[in-house]
Amino acid sequence: MKIDLHCHSTCSDGALTPVELVQRAQQMQVDVLAITDHDTVTGIAAARDYVKSSNIKLNVIAGIELSTSWHGFDIHVVGLRVNNDDPVFLDRLEGQLAERDKRAERICDKLAKCGHQGIYDIALDIAGDAQISRNHIAKALVQKSICTHPQQAFSKYLGKNKKAHVSPKWISIQEAIKWIHESGGQAVLAHPGHYDMTTKWLRRLVAEFAEAGGDAMEITHPNMAADKKKLLQQIMAENALLASVGSDFHFPSRFTELGRRLNIPLECKPVWHNWNLATSDGAIQ
């Protein structure tokens with residue numbers, strides 16, 4: 001069974017619509033897919049409706065990737081099997097989305113002071129119906145020929161300590177876990193191997209995540225080195241967390257693809273160990 005529990009659609013900063021994401025997952029022979037857009041669950045219903053109407057053999061999990069702040073780091077917490085119709089949860093997400101808007105405006109104000117006017121409106125147009133993000137701002141900078149590619153936008157303007165960087169006021173890790181649990185889901189520490197921190201700080205992060213009631217952590221990625229995988233598995237075991245996997249897919253590429261190279265060792269207990277995957281309506285019980 002091929003499982004991918006971390007991907008993004010056009011509802012946040014992904015390149016494919018929820019329906020196109022389902023189609024891509026089917027092409028890549030994925031059996032279980034969690035759609036985990038940033039701070040929103042708006043794409044879940046469309047994906048599940050398409051799965052059901054098209055009679056596709058794919059289980060779609062209602063997921064989310066919450067943005068949090070921790071000792072100056074932006075840490076992401078994935079929620080799996082959340083209730084995407086829970087009014088309390090949806091109301092809480094509105095606060096996160098409002099902060100995203102404020103952050104984008106502050107970033108573009110800084111860019112204007114650098115002599116680059118009108119970036120916010122271009123980024124909004126690029127985002128369309130999605131929540132505006134730094135990726136959309138990066139694309140706007142490329143569209144105006146200020147940068148040659150999105151990564152240059154981050155390295156020159158948007159990254160930490162750069163000219164237009166803005167520290168967001170996200171919720172805490174503890175709050176994110178609370179929100180996810182109260183919506184009936186499981187909290188997963190997203191891509192811990194990607195944060196720019198020492199191993200000492202990584203161990204502290206995972207320990208505090210576990211102490212706060214976190215359920216699992218992602219322990220592999222399509223392009224992760226073997227020594228990094230081994231370290232993450234060790235830290236996971238030390239903190240009695242379950243194992244999760246996800247490609248963090250945003251767009252088709254040869255580097256990151258849905259369901260690719262996400263196997264975990266047999267000795268690792270997966271986050272889905274007690275899930276019922278036998279449903280036929282595109283939902284996980």
Side-chain angles (χ1 to χ4, degrees), residues 1-38 40-65 78-86 89-90 129-130 180 183-188 190-191 215-224 242-285:
M1 180 174 288
K2 189 178 287 190
I3 296 174
D4 192 331
L5 302 180
H6 188 163
C7 69
H8 299 272
S9 76
T10 51
C11 292
S12 60
D13 58 351
L16 305 182
T17 67
V19 168
E20 290 170 338
L21 199 55
V22 167
Q23 293 170 338
R24 187 73 181 185
Q26 187 181 30
Q27 291 171 6
M28 301 308 297
Q29 299 180 314
V30 173
D31 301 289
V32 181
L33 183 74
I35 298 178
T36 56
D37 281 309
H38 293 287
T40 182
V41 290
T42 55
I44 305 301
R48 283 181 167 171
D49 288 346
Y50 180 74
V51 165
K52 189 173 183 179
S53 64
S54 303
N55 196 29
I56 294 173
K57 292 183 179 180
L58 174 70
N59 282 293
V60 174
I61 298 175
I64 194 165
E65 186 171 16
V78 162
L80 299 176
R81 302 169 75 204
V82 296
N83 180 356
N84 56 302
D85 294 318
D86 177 11
F89 188 52
L90 294 177
D129 295 330
I180 291 166
S183 185
Q186 293 167 284
V188 180
H191 43 64
D215 302 290
M217 61 181 277
E218 293 178 359
I219 62 167
T220 190
H221 187 270
N223 300 303
M224 187 178 289
L242 299 173
S244 189
V245 295
S247 62
D248 196 11
F249 176 89
H250 284 75
F251 53 87
S253 79
R254 61 193 179 94
F255 301 107
T256 303
E257 185 57 81
L258 288 175
R260 180 181 291 171
R261 297 193 297 275
L262 294 178
N263 295 329
I264 61 174
L266 293 176
E267 62 268 23
C268 295
K269 193 172 187 178
V271 68
W272 61 86
H273 73 97
N274 61 350
W275 296 0
N276 175 14
L277 303 178
T279 59
S280 59
D281 62 351
I284 294 280
Q285 301 296 319

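The first residue of the sequence shown is numbered 1, and numbering continues consecutively from there.
With rounding to the nearest 0.5 Å, the separation of NE2 in His191 from OG1 in Thr220 is 13.5 Å. How far CG of Asp248 is from CG of Leu258: 10.5 Å, rounded to the nearest 0.5 Å. Atom OG1 in Thr40 sits 6.5 Å away from atom CD1 in Ile64 (nearest 0.5 Å).
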Going by atom type alone, with no hydrogens or angles, which donor-acceptor pairs under 3.5 Å involve a side-chain atom of residues 26-34 and a protein atom two or more places apart or on another chain?
| unit_1 | atom_1 | unit_2 | atom_2 | d |
| --- | --- | --- | --- | --- |
| Asp31 | OD2 | Lys2 | N | 2.7 |

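Checked against Ser244 for a side chain to side chain contact (heavy atoms under 4.5 Å, CB included), the options Ile3, Asp215, Leu80, Ile219 give a single hit: Leu80. Paired with Val188 under the rule side chain to side chain contact (heavy atoms under 4.5 Å, CB included), one option of Thr36, Leu5, Val78 passes, and it is Val78. For the side chain to side chain contact (heavy atoms under 4.5 Å, CB included) with Tyr50, the qualifying choice from Leu58, Ile56, Leu21 is Ile56, the only one to do so.
Minimum heavy-atom separation, Gly43 to Pro18: O-CB, 3.4 Å. Considering every non-hydrogen atom in both Ala47 and Val22, the closest pair reads CB-CG2, 3.7 Å.
Every residue meeting the side chain to side chain contact (heavy atoms under 4.5 Å, CB included) condition with Ala62, not counting sequence neighbours, appears here in chain and number order: Ile44, Arg48, Val82, Asn84. The side chain to side chain donor-acceptor pair (under 3.5 Å) test applied to Ser183 returns no partner, not counting sequence neighbours. Asp37 pairs by the side chain to side chain donor-acceptor pair (under 3.5 Å) definition with Ser9, Ser12, not counting sequence neighbours. His8 is linked by a ring pair (Phe, Tyr, Trp, His ring centres under 6.0 Å) to His6, His38, His250, counting only residues two or more places apart in sequence or in another chain. Residues meeting the salt bridge (charged side-chain N to carboxylate O under 4.0 Å, His left out) test with Arg24, sequence neighbours left out: Glu257. The side chain to side chain contact (heavy atoms under 4.5 Å, CB included) search around Thr17 returns Thr10, Val19, Glu20, not counting sequence neighbours.
A donor-acceptor contact closer than 3.5 angstrom links the side chains of Trp275 and Gln186.
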Step-by-step side chain to side chain contact (heavy atoms under 4.5 Å, CB included) determination, Trp272 to Asn59: CA-CA 12 Å; Trp272 61 86; Asn59 282 293; over 6 Å; no

Is there a side chain to side chain contact (heavy atoms under 4.5 Å, CB included) between Val51 and Lys57 once you walk through the steps? CA-CA 7 Å; Val51 165; Lys57 292 183 179 180; over 6 Å; no

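Listed by first and then second residue, the salt bridge (charged side-chain N to carboxylate O under 4.0 Å, His left out) pairs that reach into residues 259-273 come to none, sequence neighbours excluded.
Side-chain N or O atoms of Asp4 include none that pairs as donor or acceptor with a backbone N or O of Gly246 at under 3.5 Å.
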